[in-house]
Amino acid sequence: HFSSEKIGVVNGVTIMLPEGFFADLQSTEWLTALSIFKLLSFFNVPITAMGNNMAVRKQAYHEVGGYSQIGFSLVEDYALFKAVIKQGYSFFQTFETPVLAKSVPNRSLINQYKQRKRWMQGAMQIPKPLIALFIFLTAFPLVALGLLTIIPSLFGMLLLSYFITLSGVSLLAIVCVKQYQLLYTVAFLGPYLSLMN
């Protein structure tokens, strides 16, 4: 994927080790997020790279001074990604089975929330329009629930549209990387994300 000298970072695809329902939900969430990153990459919108499955061109790494020059960050993979992009390099988001990595899942809700908090610190550094979109998508189910008392029919349509769209994106992501064992989690992803966010 480093076909061009301009590509400084290549981001792979990650799922969790198969350790049960909670791990599978995390896998589906990651695949869904990475599929959105892939879509945005077609428009050359850099979001982030995940350190557990990213490659950095050696020359780009040395040009930014590596981690010693970037300094401490709770989201070191994002800090390196951002530095390489700022240096003028482009990026490539893969979405294919041969570059699929498996990571250890969070095994408790407490650890999952701690990871979320760390991710949010990195997410607040992305462009403001994307932050607004992220907040909207995260808050959407709660907004729709709030409309329940005002306009019940609108609530139903909004919530149904949200879950259908989320399910469609998740299904497509799972099928693209041939992780069919995760198909059953699609029905639970919406409520899970509403709980976690």
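Residue indices begin at 1 and follow the sequence shown. Predicted model, so just to flag it, every value in this text is computed and none were measured.
- In terms of heavy-atom proximity, Ile70 sits nearest to Ala83 at CD1-CB, 4.1 Å.
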Working note: Leu80 + Met54, criterion side-chain contact (heavy atoms from CB on, under 4.5 Å); need CA distance, chi angles, decisive distance, verdict. CA-CA 11 Å; Leu80 178 60; Met54 72 185 268; 4.2 Å; yes
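- Without hydrogens or angle criteria, Gln179 side chain to Val177 main chain gives a donor-acceptor distance under 3.5 Å.
- Placement of Tyr162 and Leu160 in two distinct hydrophobic clusters is found when ILVMFWY residues are connected by side-chain heavy-atom separations under 4.5 Å, directly or transitively.
- Side-chain atoms of Ser103 and Ile15, non-hydrogen and from C-beta on, never get closer than 4.5 Å to each other.
- Of all heavy-atom pairs between Pro105 and Met16, the closest is CA-SD, 3.5 Å.
- Considering all non-hydrogen atoms of both residues, Ser170 and Thr32 come closest at OG-OG1, 3.0 Å.
- In this structure, the separation between CD on Glu29 and CG on Leu34 is 10.0 Å, given to the nearest 0.5 Å.
- Hydrophobic clustering (ILVMFWY, side-chain heavy atoms < 4.5 Å, transitive): Ile164 and Ile36 are in distinct clusters.
- Within the model, atoms CZ of Phe95 and CG of Asn11 stand 11.0 Å from one another, a figure rounded to the nearest 0.5 Å.
- With hydrogens and angles ignored, the 3.5 Å screen pairs no side-chain donor or acceptor of Ser41 with any backbone N or O of Asn44.
- Looking only at atom types and distance, the side chain of Gln69 has no donor-acceptor partner in the side chain of His62 under 3.5 Å away.
- Residues Phe188 and Phe163 share a single hydrophobic cluster, defined by chaining ILVMFWY side chains whose heavy atoms lie under 4.5 Å apart.
- The backbone N or O of Val99 lies less than 3.5 Å from a partner atom in the side chain of Asn53, making a donor-acceptor pair.
- In this structure, OH in Tyr184 is found 10.0 Å from CD1 in Ile174, a value given to the nearest 0.5 Å.
- Shortest non-hydrogen contact noted between Gly51 and Asp77 is N-OD2, 2.8 Å.
- Using a 4.5 Å heavy-atom cutoff, the side chains of Tyr113 and Ser108 are not in contact.
- Between the side chain of Thr185 and the backbone N or O of Leu25 there is no donor-acceptor pair closer than 3.5 Å.
- Under the 4.5 Å side-chain heavy-atom criterion for ILVMFWY residues, a single connected hydrophobic cluster contains both Met50 and Leu39.
- Side-chain atoms of Phe21 and Tyr192, non-hydrogen and from C-beta on, never get closer than 4.5 Å to each other.
- Atom CG of Leu189 sits about 10.0 Å away from atom CG of Leu171, to the nearest 0.5 Å.
- In this structure, CG on Leu100 lies 7.0 Å from CG on Leu31, to the nearest 0.5 angstrom.
- Contact record, Val9 with Ala49: CG1-CB, 4.0 Å, taken as the closest heavy-atom pair.
- In this structure, Tyr67 OH and Glu76 CD are separated by 5.5 Å, a value rounded to the nearest 0.5 Å.
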Trace of the side-chain contact (heavy atoms from CB on, under 4.5 Å) decision for Phe81 with Ile47: CA-CA 9 Å; Phe81 174 77; Ile47 302 296; 5.8 Å; no
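- Aromatic ring centres of Phe92 and Phe2 lie farther apart than the 6.0 Å criterion allows.
- Counting heavy atoms from C-beta outward, Tyr180 and Val175 have side chains that approach closer than 4.5 Å.
- Of the possible polar contacts, one joining the Arg57 side chain to the Ile7 backbone as a donor-acceptor pair under 3.5 Å is found.
- For the pair Lys6 and Phe91, the cation-pi test (distance below 6.0 Å, angle within 45°) is failed.
- Under the 4.5 Å side-chain heavy-atom criterion for Ile, Leu, Val, Met, Phe, Trp and Tyr, Val104 and Leu182 are members of distinct hydrophobic clusters.
- Closest heavy-atom contact between Ala23 and Leu17: CB-O, 3.6 Å.
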Derivation and outcome, side-chain hydrogen bond (donor to acceptor under 3.5 Å, both in side chains), residues Glu5 and Tyr89: CA-CA 8 Å; Glu5 292 291 324; Tyr89 286 93; over 6 Å; no
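- Using modelled atom types, one side-chain atom of Lys38 and one backbone atom of Gln93 make a donor-acceptor pair closer than 3.5 Å.
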